[in-house]
Amino acid sequence: MKYPKIPLAQSILEICQQKGVKHIVISPGSRNAPLTIGFTNNPYFKCYSIADERSAAFFALGIAQQIQQPVVVVCTSGSALLNYYPAFAEAFYSQIPLVVLSADRPQHKIDIGDGQTIRQENVFANHSLFNVNLSENNSLENDHLVQMALHTSVAQKGPVHINVPFEEPLYETVSELQVHPNIIEFTTEKKPFEIDTSTLAVWKSASKKLVLVGELFPNSVEQHYLELLANDPSVVVLTEKTSNLHHPTFIDQIDTLITPFDEADFKAFQPEILLTFGGMVVSKRIKAFLRKYKPEHHWHIDELRAYDTFGALTNHFETKINVFLSQLLNEDTFESTYKSSILSIWNDRVAKHKEYNSKIPFSDFKVFDFICKNLPKNCHLQVSNSSAIRYIQLFDVASSIPVFCNRGTSGIDGSTSTAIGASVVNKLPTVLITGDIGFLYDSNALWNNYIPSNFKIILINNGGGGIFRILPGHEETETFNTYFETSHQLNASHLAKMYGLNYFKATDETSLDQQFSAFLAQNEQPSILEIFTPEKVNDSVLLEFFKELV
Ligand SMILES: Cc1ncc(C[n+]2csc(CCOP(=O)(O)OP(=O)(O)O)c2C)c(N)n1
């Protein structure tokens, strides 16, 4: 086998292999040549070449999101590294183990006028769980730090940065490994958890308990506990599409339920206990409600972090969700009308929703209704920001379909790259639903040789950032069109042609119906279905929906 001659590079490669890191996403450059040569010459590693570092990092994020194991991105020195930042921040807030390996010049060559050189050390410090600045010579300390970084990305769930100085010559190789890093076995201490009797007493005595679930990996909670929650008349469970948690009595369309609420409804809905788990919550309305009508107790369950999202956090239970629920829940039920009264409102909303769907014109709303009804049951869904993920919340999605979205920072800068990364390691075919601005923003995602032939993009082209028409403050002015909506006449047909993707197009219900089945049936090449919706109709259809729910 061929190894890079530089011992520091050899050590890093050895450690990655011994620690089971498999997926390596490499962007081109010279300074990183020792790592690139090493990774690509070892068949143990699955290497990907992606030129655009912003896309490369989101692609890696998509892989790591699915396998929940560290994925390494490797780049050269200079601004290349800074292009990792959007995905790095997303990994931080979405708790995804992304490992950045950046090649650098030795420190004495920084800020002396050398080319392609910037201050790389600790450049992601604000969002990094662990920063390592290796020294040029191979050492025990370097080995230790690299392993600490990999370990931290898993144990603390998030991104880490390893900066590696290399001096020229960079391309020389040897046939024998010269280093044998000392591999450390990290033992993660499992903190025993025991629920205290006062918590149990509070839970038992409360008649209004609201469970709100944020972003969660599928199958994170045992079905038995979901049943116990579902059977308790004092418990209402609110989920989102990204919660990936399902039960017929859980309400998964939060905004549909609460948008029409008046003061009295909100007061009646105000919980005594708010129990939360999972990551980011999409619904702005539930946040506004709980910030105003604060629960007496807000308990959050997470082994690592608890955000005080509603300004009401009283307890952070640092344990696994299943462990906590196993100690909290039992077959006892309590007398309460909390759930039944909410479910009766909910059933009414469902009926009104159905009625509304049947009478509206072709629009984003109608299109999302169609897509959610017609998605294949055995796919994996990736959704972009921002109105796409909000629309999806308003419809039923089959429980067999896992849903993911970059909600850590809610960026529009990497949804397509993330979806492609996820599709590469996913057993299920991946479908991305995206808006036009997000799609155009990340069009370099398609500059990628690894897109599976059954990967599909549903692109909803409403001529700009449709979200801004929905948000308060929308006025039909030139300033709005130019600076908020960024209105345009572009379409994806040329990009599809350039990147060798099948292209389908729909402009109304009939063509959508016809094109959708053709789009799904075709698996020889990745495909785009671009659906053109009327820019100026979409917002009124959505706003009217909320009005007609009452
Ligand atoms: C990197 C980044 N820049 C800007 C924003 C602000 N932003 C949120 S949504 C959006 C427009 C999205 O438009 P599009 O992708 O067409 O989706 P639509 O809202 O029309 O569904 C923008 C610019 C962001 N979230 N991320």
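What's counted below: heavy atoms across the whole structure, side chains too, no hydrogens, waters or symmetry copies. First listed ligand is number 1; within each ligand, the first listed atom is number 1. In this text the structure is predicted, and so the values were computed from the model without any measurement.
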>> My understanding is that only one of Y85, Y84, F88 makes a ring-ring contact (aromatic ring centres under 6.0 Å, His included) with H127; could you say which?
In response: Y85
Partners of [X] by salt bridge (charged side-chain N to carboxylate O under 4.0 Å, His left out), sequence neighbours excluded?
{"X": "E475", "answer": "none"}
{"X": "E509", "answer": "none"}
{"X": "D369", "answer": "K373"}

>> Can you tell me which residue among T416, T430, I451 is in a side-chain contact (heavy atoms from CB on, under 4.5 Å) with I457?
In response: T416
> For ligand 1, what is the set of protein residues having any non-hydrogen atom at a distance below 4.0 Å?
Replying inline: S386, S387, A388, S410, G411, I412, D413, G435, D436, I437, G438, Y441, N462, G464, G465, G466, I467, F468
> Taking NZ, NE, NH1 and NH2 as the nitrogens, is one of them in D252 or K241 under 4.0 Å from a carboxylate oxygen of the other?
Replying inline: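 Result for this pair is yes, salt bridge flagged.
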